[in-house]
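Remarks on the structure that follows.
Residue numbering restarts at 1 for every chain, and letters A, B, ... go by the order of the sequence lines. All values below were derived from every heavy atom in this structure, side-chain atoms included, with hydrogens, water molecules and symmetry-related copies excluded. All values derive from a computational prediction rather than experimental measurement.
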Number of protein chains: 2
Amino acid sequence: MISPTIEDYLKAIFKLQKGKEKVTTSSIAERLQLSNATVTSMIKKLAKQKLVKHVSYHGVVLTEGGEKIAVKVIRRHRLVELFLKEILELEWDKVHDEAEQLEHYISDEIMDSIDRVLGYPKADPHGDPIPTRSGDIEKVEDNYTLAEAEVGKKLVINSVSDGDPNKLRFMFKLGLLPGVSISIKNKTPFEGDLDIKVGSSHYHIPLAVAKKIYVTQIERRLKEEEKKHLTV
Amino acid sequence: MISPTIEDYLKAIFKLQKGKEKVTTSSIAERLQLSNATVTSMIKKLAKQKLVKHVSYHGVVLTEGGEKIAVKVIRRHRLVELFLKEILELEWDKVHDEAEQLEHYISDEIMDSIDRVLGYPKADPHGDPIPTRSGDIEKVEDNYTLAEAEVGKKLVINSVSDGDPNKLRFMFKLGLLPGVSISIKNKTPFEGDLDIKVGSSHYHIPLAVAKKIYVTQIERRLKEEEKKHLTV
DNA sequence: TTAAAAGTTTAGACTCATCTAAATTATATG
DNA sequence: CATATAATTTAGATGAGTCTAAACTTTTAA
C-alpha cells in the first residue's frame, strides 16, 4: 500500500474494535504495516479532527463521526467486491485486493448505481453483511444462492443480483424481490431448473436465474434471533 | 485534484503534444494548475526515468516509454467513461470527472473485463477513439448508434455495447460484430424497429438493440481517408 | 513493592511534492 | 544588435507522512 489514507486508518480501527480487544497503537501499526511512532502521530491528527478519542498509553476508540466514515468505506468495499465478481466476473481471490484500492475513489453516485445494478444486496456471498446507505449493519447469518438451497425449506430472499436487465425484469415479474419468502418444490435433475412457490403462485425458473438469487433459511434466521435475545 | 501522479503529467504532455505546439513548462503548469517551478522539478524526475526528453528552456517531448503510459491512461479513461455511461447509467456530464479519478486505479484485468462487457468499442459516443490494448489509436471520424443512422446508407459497425448477455447473444447470432458492414432497409414509424441487411441476410431488430450498436457511414469513412492522403 | 520487560510517545531527521522569489536564458522590439 | 520583456530554472522554505532511536509510562513478576 502507498501511504494509508485517513479512511484506511478508520477502517482498521473499526475492524480491530470489532475484535473486542482494546485498540492499541501497535495493533494498528501491525495491520497497516507502519511504525508505532507513525501511528501515534497520525492518531493525534485524527483526534484533533474528532474522528477518534485517544488517551495516551491507553488506546483509541472511534467517535460517532469516525465510525460513520469507517462503515461507509466498508460498504464501498463490499459492494465493489460483489460488483467485480457479479458484473465483471473476476475471481473471488482477486477481488479483495482490487476493492482495497477502488474503495477510496468511488463516489456516492457510482455507489448507488452499483447497489442498484446488484439488486440492493444485503450481504456478499461470503456472508459478510453490506452496511446500508445510512450506515446500519444487519447481521446476516447465512447467505447462499437459490440454486444451492434445499428443497422444501422456507427461504427468504436477501438479494437478487444481475447485470442482465432481462433476468431482472423476469424476477420482478415473479415477485422475486429482497425480503420475499419462497420455497423450492422440486429440482429437475441435471438441468437444475427449479419449481418454486412464491405466495400462492407456483413458477418454473431456469438454473441461471436461481444462481442470481441469494437466500437465507427462515428457520436458521429465527434461531439467530433467539440467540441474540439470550446473549444480549 | 490532489497531487497529480506521474500518469497525470504524462497524459497532459501527450495531449499538449497533439496540439502540435512545443510543449512548454508553463503549458503543463497551466493544465495541471501548478507553479512552473513545480513542473520543472517534476519534469527533471521524469527525464531521469526516461519517460520524457527535456532540453532546458526549450520544452519537453515524451519518449516511447512515456507515450506508452500516456496512451494506456487515455484508454483507461475512455473505457471507464463509456462503462459509467453504458453499464452504470451515469449522465455524460458527470462521467468525465469520475473517470479522471478512477483511471489511475483500474488494473489491467479489470480493464479487459470492462472492454469485454462493452463489446470492444473502438470509440466513445463523443467520437474519441479508444486506444487498443497494444496502444494503437485509430482515428474514428464518426460514431453514432444504429438507431440514429439513415435508411439506405452503407454502415460499418464500430462496437456493440451492452451489459445484457442476452442482447449480446442475439447480436452475435445475427453476425452483428465490430467491423461488419450493414445497411438499414426500413424503419417502423413510432416503434422504431429496424429492418437491416447483413451480408445477404435480412433481419428485423428491436430499437433497444439498435441503440446498442455504434456505426459509421462508410462514405464518410472513405472521405476521411482521402483527406488524410491530402494532408499527410 | 519494586525492578525489569513491554508498550507508547516524543524528538529529530528524511523524502517528497509543492510554493515564492531570485537568477538565468530566450525572444521580441526599437 | 542591444536591451527590455517574457519564459524558465534554481534556490530555499514549508508541510505531510514516514522512519529510528531515545524517553517515558504501564504491566508483569520476583
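- Remark: the backbone N or O of A:Thr5 is paired with a side-chain donor or acceptor of A:Asp8 at under 3.5 angstrom.
- Of the residues in residues 25-47 of chain B, those with a non-hydrogen atom less than 4.0 angstrom from any atom of DNA chain C are B:Leu34, B:Ser35, B:Ala37, B:Thr38, B:Ser41, B:Lys45.
- Put simply, the side chain of B:His58 gets close to the backbone of B:Ser56: a donor and an acceptor are under 3.5 Å apart.
- Considering only residues two or more places apart in sequence or on other chains, B:Glu148 meets the side chain to side chain donor-acceptor pair (under 3.5 Å) condition with B:Thr145.
- By the 30° and 60° cut-offs, the orientation of the rings of B:Phe83 relative to A:Phe83 is perpendicular.
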- Message: As a quick check of understanding, evaluate side-chain contact (heavy atoms from CB on, under 4.5 Å) for A:Ile6 and A:Leu51, giving each step before the final call.
- Response: CA-CA 10 Å; A:Ile6 288 181; A:Leu51 295 171; 4.1 Å; yes
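- For the pair B:Val39 and B:Leu32, the minimum side-chain heavy-atom distance is 4.5 Å or more.
- At a non-hydrogen distance threshold of 4.0 Å, B:His54, B:Ser56, B:Tyr57 from residues 48-62 of chain B come into contact with DNA chain D.
- Applying the side chain to side chain donor-acceptor pair (under 3.5 Å) criterion to A:Thr63, with sequence neighbours excluded, gives no partner residue.
- Along DNA chain D, the stretch of nucleotides lying under 4.0 Å from any heavy atom of chain A spans, 5' to 3', D:dG17 to D:dT26.
- Looking only at distances, a side-chain donor or acceptor of A:Gln33 sits under 3.5 Å from a matching main-chain atom of A:Glu30.
- Between A:Ile130 and A:Arg78, some side-chain heavy-atom pair lies under the 4.5 Å cut-off.
- For A:Asn36, there are no side chain to side chain donor-acceptor pair (under 3.5 Å) partners at least two apart in sequence or on another chain.
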